[in-house]
Amino acid sequence: MATSTADAATKDAFVAFERVQKSYDGETLVVKDLNLAMPKGEFLTMLGPSGSGKTTCLMMLAGFETATHGEIKLDGQPINNIPPHKRGIGMVFQNYALFPHMTVAENLAFPLEVRKIGKSDREAKIKRALDMVQMGNFGGRRPAQLSGGQQQRIALARALVFEPELVLMDEPLGALDKQLRETLQFEITRLAHDLGITVVYVTHDQTEALTMSDRVAVFDDGRIQQLAPPDELYEAPKNSFVAQFIGENNTLDGKVERIEGDRCAVRLDSGEMIDAKPVNVTEAGQRTRVSIRPERVEIDPELGPDAHTLKAEVLEFIYMGDTFRTRLRVAGQDDFIVKTRNRADQVRLNPGQTVTIGWLPQDCRALDA
Amino acid sequence: MTDTRQTEGTVPLGPDQFTGPTPDNALRDADRDAKASMVAADGTPLKASLARSLRRQKLRALMLVAPLLIFVLVTFIAPIADMLFRSVQNEIVVDTLPRTVAALQDWDYESGEVPGPAVFDAMTRDMMVAVERKEHTRLGSRLNYELTGISSLLRQTGRDVEDIGEVQLDAMVGLDPAWEEPATWAGMLTTPDYREAAAEWAIRADEGGRLFDEPPPRMELAEAAQALPLTADAYTDFARTIGTESQDSALEEEPWPLVYMSLVQDLRQFPAAADAFEGDDGARLAALVEALPTIPEVDTRAAFLEIDEEWADPQVWGTIKAFSPPYTPGYFLSAADLTLTPDGVEAMPEDERIYRTLFLRTIFMSLAITFSCILLGYPVAWLLANLPARQANVLMILVLLPFWTSLLVRTSAWKVLLQQQGVINDILVWLGLVGDANRLVMINNVTGTIIAMTHILLPFMILPLYSVMKTIPPSYVRAAKSLGATDFTAFRRVYFPQSVPGIGAGSILVFILAIGYYITPEIVGGTKGVFISNRIAYHISTSLNWGLAAALGSILLVAVLILYWAYDRIIGIDNVKLGG
C-alpha cells in the first residue's frame, strides 16, 4: 500500500491504525505494520486463525494493550495514551463478562453510574437498552439465571447502553450453539445499522464474517492479508491464504508458462496446461497455485469454446441434501471437490467413472505458491 | 419440556442448565414431584428400591472411612467430650462426704448458725473414712478453689480426727481386752463363710509372701449385724478400705476407732440390740450395755472446734453444702469471673477478675490479627493470581516457606527481632530514629503477639484468597474499564465483591486458628499479650484445676461455634471457597 494513499484514507477515518506494531516479548512481532482506516458507521470484521494478531489489535484499540510502535487514532485523536475508561468504547467479550454479583439491571446501570447519570435518566436508558435486545423483563435476574444467549444479549445491551460510537466485539458468539449464533448474528447487524454505530468485530468463523460485515480484514501472521467487502473476498481472493481460509477451494500447483494481459497459461505439475487469471503472478517461470471454487466447476461442461476442460476420475460421491459433493482425482490430485446443485436432472456419479470437468478461465485464479 | 427430561442424562451441562429459579427449573421441579410416587417394576416404591440398591455402595464407603472415624472418635472426640464434661462434674464432694451432705440438707445457711451435732457426727464418720482412704486432701484442693483456706483446714482435721473416738476405744478395751482383738469383731459382725474364706486367703497370703497380690475376700455382714446399723456401716467401710488400700483382711486388723464409737452410739440408742447376738458375742455386748454409763461421751462438735476453730464458721459449711450436688455451675461461674457462694452467685473481688478481660482480649486480638492478615495478604494474593506463572511460582514458594519451618523457630525468630536489645531496635537506634534510652517495647505485650501471629497465620489468609482470585477472569475488570470505570472503581465495584468469599474463608480460618492459639502468645506475649488458651494450659498443667480449664475451653468452643453460625447466617458458608 502506497503511503500517500494510506494517509489520505486515514485523514477522515473514524478509527485508524497507522503503522502499528506489537510485541509481547521483545523478540517476535505479534502485529506487524498494521494500517487500517474505518469510516464512521462501518461494520468491520477481523477474521483470522488463532494467533494471527486480530484479538491483540482489538485489545490495543480498547486500551488494554499498548502498541509497541505506531499510532491508533479515534475520530482523528491519537488514543495511545488514553486509559481504557476514558476512550468511551463499548466492548462485548466472548465469556460475556457480566458481573455475577449484580443483577441484569445493575450491570446495565454500571456504565451509567460511573458516568454520573441521574437515576431517572438511567432507568429510561436501561429500559430502552433491554427492550432493544428483547430482554425487557429480565432486569431483576442474576446473570447465572440466564442462558448463554440471554447473557450475550445483556452483554450487548450493556455495551450499548451508554451510547458509545464505537463498539468492539471479541468473538461474542463463540460459546453459543449454531442456531442461536445465527439469530444473534442477524440481531447484532440489525442493531449496528439501526443505531449507526461503528463496530469492530473479531471472529475466527468465516461464515459469521461474511454474513455480518461491511468489510472483512483477513489476518494472518500479524498482517492484514486482505481487506475487502465479503463478496470480493470470496470471489477475488488476493492470495492463496485468503483463498484457502475463506470458503472451500480447490488448488492445483504448477508453473506459469506465459502471461498475456488478464490471462495466463499454467503448466500443472502433472503436465496439463490450463488457462487462469493472473492475480499475484508477474512473470513466466514463477511457481503458482491455481485456485478454483468447487461450485464454479462443471461436470460434462457446456461452457462454450472459452472454457477449459480436464479429464477426472470420480473417487467419492456424497449426498448432502441441497447439494452433491463429488471428490475427484484431477491432475494427479485426490482432493478435488466439485459441488453441484441437487436439480431434478442432475446425474449422480459413481466412483470409478471417468468424466470431463471444466470451468471458465476467469474463475480460475493463479495465486502465489 | 418432555424433551428436556429425556435428554437430561446424556447432554452435557448446557449454558441454560442453571440451579437458580428459572422457569425451566420450576417445570423440572414440578416434573420431579409428579415422579415422587413412582413404583419400581416389582411394585415397591421407587425410592425404597433405589435406597436398597445404594445401600451396598454406602456401606462400602462407610467401611473406607471407618478406620479414620474410629481413630478420631477414640483418640480425639471422646477425650474432648470427657474433658469438657469435667467443667460441670462435681461428684467428689458427695462421694467423699456422703453422710455430711445428707445431714446438711436440714441445715439452713441463712440462719447464720453452726450446724447441729448430727452434721458433726456425720462429718466425723466421713472424715475418718476419707482419711483412711486418703481422699480428704483431694477434696480439700477442690473446695479450696471456692473458699481459700479450706484445704489446710481439711488436712489439719484429717490428722486429728482419728483421736476423736480414742476415749471410747480405751474404755471398751479396759472393760474387756477382747474388744482389741480383730477376731472378736469379725466373729460378731461377719458370716462364717466369709471368715473361712478370709482365713484361707491369709494362709495363701503367707505362702505367697510379698508377691501375693490376690485381694482379700469381700466382707459379708452377718444377719445379726443389722441390729447395729452404725456399727455395721462403719465396719463395712473399714473392711472394704483396708481390703483395697492395704490388702489386709478384716480378720487380722484392729478396727478403726470409728467402729468403737459407732458401737457405743448404737447400743446407747438400741440397748436391746445385744439380744440379737448369741454366745460370747451376746454376752460381751450385754456386758458393754451394762457398762455404758461408765464409757465417756464424745462431743464431735467440740472435738472439731478443738481441732480448728474454723469449723465454727458457717461459711465453711455453706461452701460444702453449695458444692454438694454432683453437677455444678461453679467452674463456668469462675470462668465468667463470678463465684458461687452460700449466699448465691456473686461477682469475684475486683482484683481476682481476669477471665472476662482475657476473653475480650483474646477476641479483640484475634480480630486485629485477622484484619492485619487481610490487609497484608490481599495484595500478595492478587499478585499471585495475576503474575505470569514463573514469578507467581517463586512468590508462592515464599508464601509457603513459613509452612515448612517449625512454628517454634519462627516464633523464636520474632523474639530475636522484636526484643529491646533485638535486631529491629538496634537498627532503629543506629538510624537515630529512636534514642538508645527509649527503645521500643515490642515484645511480651499485645504488639508482639499481634506481629508474630499475623506473620504465622498469613498463609492461611493468602491461600484461600488466591484460590478465589484465580477464578476471577481478567475480563471482568476489563469489562468494567471499557464501561468507563476507573481502576479504583473497577476494583471496588467489580473485583473486590467477587473476592469477598476468599476474604470470608481466610478470615474464618485465621480467626478460628488465632482464637485458640497457644505457643506463640506464650513465647512472645508476656503477661499482657496472652490468650485464654494460655490460661487453659496453666490450669491443665500447673494449677491442675481441670474443671475450670474445661469450662474455659467449653466457653471458647461455644464462642467459636456462635461466630461460625453467625458467619453462616450473614455470608453463607457455601460462599466460602478454599479452592477452585
Side-chain angles (χ1 to χ4, degrees), chain A residues 24-25 58-59 61-65 83-102 106-117 138 140-152 155 158-162 164 166-168 170 175-177 180, chain B residues 1 3-4 7 11-29 386-391 468-469 471-504 571-572 574-575 577:
Chain A
Y24 285 106
D25 53 7
L58 196 76
M59 289 302 161
L61 187 51
F64 299 126
E65 300 289 353
H85 67 270
K86 287 192 180 147
R87 297 193 181 188
I89 299 174
M91 186 148 180
V92 182
F93 294 82
Q94 181 175 10
N95 60 3
Y96 325 130
L98 293 175
F99 307 139
H101 56 291
M102 300 183 190
E106 284 164 355
N107 263 286
L108 262 68
F110 185 84
L112 305 176
E113 277 168 21
V114 298
R115 287 181 171 73
K116 311 232 180 335
I117 289 172
F138 289 79
R141 296 271 190 100
R142 298 245 168 206
Q145 297 169 326
L146 302 176
S147 70
Q150 290 171 331
Q151 289 191 59
Q152 197 53 286
R158 189 180 64 178
L160 296 174
V161 71
F162 60 99
L166 175 62
V167 176
L168 312 182
D170 184 13
L176 303 178
D177 60 51
L180 208 51
Chain B
M1 211 57 252
D3 251 346
T4 323
T7 54
V11 172
L13 213 61
D16 49 3
Q17 274 166 315
F18 290 92
T19 45
T22 67
D24 290 15
N25 287 350
L27 284 170
R28 262 179 230 130
D29 286 343
N386 289 286
L387 277 180
R390 275 182 57 157
Q391 282 114 301
V468 168
M469 288 178 176
T471 63
I472 304 175
S475 62
Y476 286 135
V477 170
R478 285 186 169 175
K481 285 189 200 167
S482 80
L483 293 171
T486 58
D487 287 356
F488 178 71
T489 311
F491 170 76
R492 187 176 60 87
R493 298 214 32 206
V494 175
Y495 195 83
F496 182 75
Q498 294 189 67
S499 66
V500 163
I503 296 182
I571 297 182
D574 296 344
N575 286 331
K577 284 188 196 158

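Order of the sequence lines sets the chain letters (A, B, ...), proteins ahead of strands, with each chain counted from 1.
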Only pairs of heavy atoms separated by less than 4.5 Å count here; which of Pro474(B), Pro473(B), Ala479(B) has the most with chain A?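 Heavy-atom pairs under 4.5 Å are most numerous for Ala479(B).
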Which one, Val494(B), Val477(B), Thr489(B), Asp487(B), leads in non-hydrogen pairs under 4.5 Å with chain A?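 Looking at each option in turn, the highest pair count goes to Val494(B).
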Determine which pairs satisfy salt bridge (Lys or Arg N to Asp or Glu O under 4.0 Å) with at least one residue from residues 88-102 of chain A, sequence neighbours left out, and list them in order.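 Sorted result for residues 88-102 of chain A: empty, none.
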Taking His85(A) for the side chain and Ala480(B) for the main chain, is one N or O donor matched with an acceptor at less than 3.5 Å?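 Checking the backbone N and O of Ala480(B) against the side chain of His85(A), no donor-acceptor pair under 3.5 Å is found.
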Quick one: ring-ring contact (aromatic ring centres under 6.0 Å, His included) partners of Phe99(A), sequence neighbours excluded?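 Here the qualifying residues are Phe110(A).
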Closest contact, heavy atoms only, Phe64(A) versus Arg478(B):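 In this case the closest contact between Phe64(A) and Arg478(B) is CZ-O, 3.0 Å.
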On a heavy-atom basis, which atom in Leu483(B) and which in Arg115(A) lie closest, and how many Å separate them?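 Shortest heavy-atom separation between Leu483(B) and Arg115(A) comes out as O-NH1, 2.6 Å.
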Could you give the distance from CE (Met59(A)) to OG (Ser482(B)), rounded to the nearest 0.5 Å?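 Met59(A) atom CE to Ser482(B) atom OG measures 9.5 Å (nearest 0.5 Å).
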Report the distance from atom CD of Gln498(B) to atom CE of Met102(A), rounding to the nearest 0.5 Å.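 Reported to 0.5 Å precision, the distance equals 8.5 Å.
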Engaged part of Arg87(A) at the chain B interface, taking heavy atoms whose separation is under 4.5 Å: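 Interface part for Arg87(A): neither.
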Structural part of Leu168(A) lying under 4.5 Å from a heavy atom of chain B: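 When you check distances to chain B, no heavy atom of Leu168(A) falls under 4.5 Å.
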Looking at Gln150(A), Glu113(A), Gln94(A), Arg142(A), which has the largest count of heavy-atom pairs under 4.5 Å with chain B?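 Max contact count across the listed options: Glu113(A).
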